[in-house]
S.K.: 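I'd like to ask you about the structure that follows.
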Amino acid sequence: MIFGHGDDSYRYGDKIKMDFSSNLPGFVDLTVLKTYLATRLDVIGAYPEPEARELEVMLAEEEGLQPNSVMVTAGATEAIYLIAQLYKGWSSVIPQPTFNEYADACRMHGHLLSYYDNDDMEVLPEERRLYWLCNPNNPTGYVMLKPLMNHVIRDQKNYTFVVDQSYEDLTMKDMLKPSEMQDCHNLILIHSMTKRYCIPGLRLGYITASPIIIDRLRQLRQPWTVNALAIEAGKYLVKSHTKVIPDKKGYLQEAARLHDELNNTDGLMLMDTDTNFMLAYLEHGSSAKLKRWLINNYGILIRDASNFHGLDHHCFRVSAQTPLENNILIAALREYTRRF
């Protein structure tokens with residue numbers, strides 16, 4: 001699904017003034033990181049480490065793990081495709097709706113796919129082997145309770161669970177901590193520095209799992225998938241304990257306000273969310289037409305969510321931005337829905 005994600009502003013030239021399509025806040029200040037990277041530009045003149053081992057050591061220390069339990073990847077996407085490759089030919093269960101890359105990666109590597117509603121996590125068909133979970137879930141923003149996750153993973157040892165926690169830093173809910181799950185050899189956790197630090201252009205993530213799984217994943221990957229500037233950025237951000245969203249609680253409160261305002265708009269219904277992004281259902285018209293109308297009339301970009309498995313042409317996703325931008329979005333959507 002190379003061209004089916006949010007933040008496709010590159011398609012529209014200079015038309016986009018406000019981007020609600022990405023799951024990240026667009027107002028973060030990356031000046032300090034940019035200034036630091038400007039002093040490290042010489043690194044582009046030499047090959048980086050074939051594997052980002054120095055950054056892995058730093059992340060392992062931060063997570064309370066041994067370095068052989070961590071592998072840095074070029075974003076969560078590389079992690080997803082490597083995991084699917086490692087379990088090539090296995091059966092995979094993917095609750096829906098969720099991030100499409102899990103299914104795309106599994107199809108690429110010959111998995112037998114089964115789809116289930118996200119509410120049916122505890123109903124596990126015995127013949128399946130790999131279970132993919134996005135938590136917080138994209139596109140719904142729903143977070144599964146940590147005690148339930150912990151119980152199911154420990155109880156179902158015949159399964160290998162892949163839990164994508166890319167949005168773990170954009171919720172106030174408790175997430176699985178790698179240090180607490182070290183004895184679960186049937187668990188692979190995916191983490192996203194891209195999301196944590198709002199640096200999607202640098203493509204940076206990491207996997208935490210048992211040393212045996214990490215070693216097997218290392219044997220599959222190509223060398224130099226993580227570029228030198230991304231490694232430098234990662235080391236700086238971890239070392240400096242940078243927080244690009246200084247008031248996460250305040251930001252999520254603003255996201256809750258946006259959710260409530262949109263949910264109280266005639267012609268719109270929103271799913272509950274535990275994070276900064278939310279899935280909406282448009283009663284009249286299609287999300288594709290709405291997307292074009294918002295671009296042409298307001299310079300606003302939303303995520304047409306109709307290509308998520310299990311969703312239809314009425315569904316779209318937005319992510320909270322600044323209060324001013326959120327108010328403009330609310331007014332624009334109310335103007336649009338009044339047309340029907």
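Numbers here simply count residues along the sequence, with the first being 1.
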S.K.: Does a side chain donor of either Asp266 or Thr337 reach within less than 3.5 Å of an acceptor in the other side chain?
M.R.: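 Result is no, nothing qualifies.
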S.K.: Is the number of heavy atoms from other residues, nucleotides or ligands under 6.0 Å of Ile212 CD1 greater than 12?
M.R.: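 Not more than 12 within 6.0 Å, no.
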S.K.: For Thr273 and Thr275, does a side-chain donor sit closer than 3.5 Å to a side-chain acceptor?
M.R.: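 On atom types as modelled, these side chains do not qualify, holding no pair under 3.5 Å.
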S.K.: Which of these passes side chain to side chain contact (heavy atoms under 4.5 Å, CB included) with Ile153: Leu176, Leu148, Thr160?
M.R.: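 For Ile153, the side chain to side chain contact (heavy atoms under 4.5 Å, CB included) test succeeds with only one of Leu176, Leu148, Thr160, which is Leu176.
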S.K.: Do the non-hydrogen side-chain atoms of Val72 and Leu204 ever get within less than 4.5 Å of each other?
M.R.: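 Counting from C-beta outward, Val72 and Leu204 do come under 4.5 Å.
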S.K.: Which heavy atom of Pro25 sits nearest to which heavy atom of Leu170, and what is that distance?
M.R.: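 In this case the closest contact between Pro25 and Leu170 is CD-CD2, 4.4 Å.
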S.K.: Would you call Asp304 and Arg292 a salt bridge, using N to O less than 4.0 angstrom?
M.R.: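 No, Asp304 and Arg292 are not salt-bridged.
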S.K.: How close do Cys198 and Val244 get, counting heavy atoms only, and between which atoms?
M.R.: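 Residues Cys198 and Val244, closest heavy atoms: SG-CG2, 3.9 Å.
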S.K.: Tell me yes or no: between the side chains of Asn327 and Arg257, is some donor less than 3.5 Å from an acceptor?
M.R.: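 Arg257 and Asn327 do have a side-chain donor-acceptor pair below 3.5 Å.
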S.K.: Measuring only between side-chain heavy atoms, which start at C-beta, is Lys249 closer than 4.5 Å to Asp247?
M.R.: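 Lys249 reaches Asp247 side chain to side chain.
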S.K.: Identify whether Val28 and Leu258 are in the same connected component of the hydrophobic contact network (ILVMFWY, side-chain heavy atoms under 4.5 Å).
M.R.: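 Result: no, two separate clusters.
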S.K.: Check Glu56 with Arg53, please: is the shortest side-chain N to carboxylate O separation under 4.0 Å?
M.R.: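 A salt bridge links Arg53 with Glu56.
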S.K.: Strictly below 4.0 Å, N to O, side chains only: are Glu63 and Lys177 in salt-bridge contact?
M.R.: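 Not counted as a salt bridge, because no side-chain N and carboxylate O are separated by less than 4.0 Å.
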S.K.: Donor-acceptor check, side chain of Asn263 to backbone of His259, threshold 3.5 angstrom: yes or no?
M.R.: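 Absent.
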S.K.: Is the distance from the ring center of Phe99 to that of Phe308 below 6.0 Å?
M.R.: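 Aromatic pair excluded; centres sit 6.0 Å or further apart.
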S.K.: What verdict does the side-chain contact (heavy atoms from CB on, under 4.5 Å) test give for Arg221 and Glu51, after you've listed the backbone C-alpha separation in whole Å, the side-chain angles of each residue and the deciding distance to 0.1 Å?
M.R.: CA-CA 9 Å; Arg221 74 177 312 179; Glu51 295 179 316; 3.6 Å; yes
S.K.: Which atom names give the shortest non-hydrogen contact between Val143 and Asp274, and what distance separates them?
M.R.: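 So the minimum-distance heavy-atom pair works out to N-OD2, 2.8 Å.
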S.K.: Please answer whether the main-chain N or O of Gly26 pairs with a side-chain N or O of Gln321 as donor and acceptor at a distance below 3.5 Å.
M.R.: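 Yes, Gln321 side chain to Gly26 backbone: donor-acceptor pair under 3.5 Å.
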S.K.: Could you tell me which non-hydrogen atom of Thr171 sits nearest to which non-hydrogen atom of Lys248, and how far apart they are?
M.R.: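 Smallest heavy-atom distance, with atoms named: O-NZ, 3.2 Å.
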S.K.: Taking the inter-plane angle between the rings of His314 and Tyr281 on a 0 to 90° scale, is it parallel (under 30°), tilted (30 to 60°) or perpendicular (over 60°)?
M.R.: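 His314 vs Tyr281 ring planes: tilted.
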S.K.: For Asn186 and Tyr159, which heavy atoms make the closest approach, and how far apart are they?
M.R.: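 Closest approach of Asn186 to Tyr159: CB-O, 2.9 Å.
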S.K.: Run the numbers on Met175 and Lys173 for side-chain contact (heavy atoms from CB on, under 4.5 Å), then give the verdict.
M.R.: CA-CA 6 Å; Met175 297 285 102; Lys173 298 282 188 175; 4.3 Å; yes
S.K.: Using the rule given for salt bridge (charged side-chain N to carboxylate O under 4.0 Å, His left out), can you reason through Arg218 versus Asp215, listing the C-alpha separation, both sets of side-chain angles and the distance that settles it, and then say yes or no?
M.R.: CA-CA 5 Å; Arg218 289 192 193 281; Asp215 182 64; 5.8 Å; no
S.K.: Passes salt bridge (charged side-chain N to carboxylate O under 4.0 Å, His left out), Glu168 versus Lys195? Steps please.
M.R.: CA-CA 9 Å; Glu168 60 193 325; Lys195 308 298 189 300; over 6 Å; no
S.K.: Check Leu37, Val32, Ile231 against Tyr236 for a side chain to side chain contact (heavy atoms under 4.5 Å, CB included) and give me the one that passes.
M.R.: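 Exactly one pass, corresponding to Val32.
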S.K.: Inspect the surroundings of CD in Glu254 and state if more than 12 heavy atoms from other residues, nucleotides or ligands are less than 6.0 Å away.
M.R.: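 Result for CD/Glu254: enclosed.
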S.K.: Can a donor-acceptor pair be found, under 3.5 Å and without considering hydrogens, that links the side chain of Gln182 to the backbone of Ser179?
M.R.: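 It does hold such a pair.
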S.K.: Between Tyr115 and His309, how do the two ring planes meet: parallel, tilted or perpendicular, split at 30° and 60°?
M.R.: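 Plane angle under 30°, so parallel.
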S.K.: Between Arg317 and Ser21 (side chain of the first, backbone of the second, donor and acceptor by atom type, cut-off under 3.5 Å), is there such a pair?
M.R.: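 Such a contact is found between Arg317 side chain and Ser21 backbone.
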S.K.: Check whether any side-chain N or O of Asp164 sits under 3.5 Å from a backbone N or O of Asn138 as a donor-acceptor pair, and report yes or no.
M.R.: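 No: the side chain of Asp164 does not pair with the backbone of Asn138.
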S.K.: Is it true that Tyr102 and Leu130 fall in one hydrophobic cluster, defined by side-chain heavy atoms closer than 4.5 Å?
M.R.: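 Yes; tracing contacts between hydrophobic side chains, which count when under 4.5 Å, links both residues.
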S.K.: Would you kindly say whether Tyr131 and Gln156 are connected by a side-chain donor-acceptor distance under 3.5 Å?
M.R.: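 No pair is found: no donor N or O on one side chain lies under 3.5 Å from an acceptor on the other.
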S.K.: Is it true that atom CZ of Phe340 has more than 12 heavy atoms of other residues, nucleotides or ligands lying nearer than 6.0 Å?
M.R.: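 It does: Phe340 CZ has more than 12 such atoms within range.
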S.K.: Centre-to-centre under 6.0 Å for Phe316 and Phe20, is that the case here?
M.R.: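 No, ring centres 6.0 Å or more apart.
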S.K.: Report yes if some heavy atom in the side chain of Leu290 is under 4.5 Å from a heavy atom in the side chain of Leu282; otherwise report no.
M.R.: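 When only atoms from C-beta onward are counted, Leu282 and Leu290 do touch, with a gap below 4.5 Å.
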S.K.: Would you find a donor on one side and an acceptor on the other, under 3.5 Å apart, between the side chain of Asp8 and the backbone of Arg11?
M.R.: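 Side chain of Asp8 to backbone of Arg11, a donor-acceptor pair under 3.5 Å: no, none is there.
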S.K.: Under 3.5 Å, is there a donor-acceptor pair between the His191 and Thr208 side chains?
M.R.: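 Short answer, yes.
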S.K.: So, does Thr322 use its side chain to make a donor-acceptor pair with the main chain of Glu325 at under 3.5 Å?
M.R.: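 Side chain of Thr322 to backbone of Glu325: a pair is present.
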S.K.: Examine distances only and state if a side-chain atom of Asn135 and a backbone atom of Met144 form a donor-acceptor pair shorter than 3.5 Å.
M.R.: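 Side chain of Asn135 to backbone of Met144, a donor-acceptor pair under 3.5 Å: yes, one is there.
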S.K.: Are more than 12 heavy atoms from other residues, nucleotides or ligands located less than 6.0 Å from atom CD of Gln66?
M.R.: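 Not buried by this count: 12 neighbours or fewer within 6.0 Å.
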S.K.: What I want to check is whether the side chains of Ser92 and His111 have a donor and an acceptor closer together than 3.5 Å.
M.R.: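 Their side chains do contain a donor-acceptor pair, which is all the 3.5 Å distance test asks for.
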S.K.: Would you say Glu62 has more than 12 foreign heavy atoms packed within less than 6.0 Å of its CD?
M.R.: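 For Glu62, atom CD is crowded (more than 12 foreign heavy atoms under 6.0 Å).
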S.K.: Assess whether side-chain contact (heavy atoms from CB on, under 4.5 Å) is satisfied between Leu301 and Ile295, documenting all intermediate values.
M.R.: CA-CA 6 Å; Leu301 184 64; Ile295 291 171; 3.9 Å; yes
S.K.: Given 3.5 Å as the limit, does a donor-acceptor pair link the side chain of Ser69 with the main chain of Ser210, or not?
M.R.: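 Answer holds: no.
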S.K.: Considering only heavy atoms from C-beta outward, does the side chain of Leu86 approach that of Ile213 to under 4.5 Å?
M.R.: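 Yes, at least one pair of side-chain atoms sits under 4.5 Å.
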S.K.: Could you check whether Ser22 and Asp19, counting side-chain N and O atoms only, form a donor-acceptor pair closer than 3.5 Å?
M.R.: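 No, because no side-chain N or O of Asp19 sits under 3.5 Å from a partner of the opposite role on Ser22.
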S.K.: Quick check: does any side chain N or O of Thr265 sit under 3.5 Å from a backbone N or O of Leu268, one acting as donor and the other as acceptor?
M.R.: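 Checked: no pair found.
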S.K.: Taking 4.0 angstrom as the limit, do Arg196 and Asp169 come out as a salt bridge?
M.R.: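 A salt bridge is present here (some side-chain N lies under 4.0 Å from a carboxylate O).
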S.K.: Do Tyr167 and Asn23 get their side chains close enough for a donor-acceptor pair, meaning under 3.5 Å?
M.R.: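 Asn23 and Tyr167 do have a side-chain donor-acceptor pair below 3.5 Å.
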S.K.: Does the side chain of Arg129 pick up a donor-acceptor pair with the side chain of Ser91 at under 3.5 Å?
M.R.: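 No, no side-chain donor-acceptor contact under 3.5 Å.
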S.K.: Going by atom types alone, do Arg154 and Asn150 pair a side-chain donor with an acceptor below 3.5 Å?
M.R.: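 Judged by distance alone, the side chains do pair up.
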S.K.: For Trp132 versus Ile80, what's the shortest heavy-atom pair and its separation?
M.R.: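 Closest approach of Trp132 to Ile80: CH2-O, 3.7 Å.
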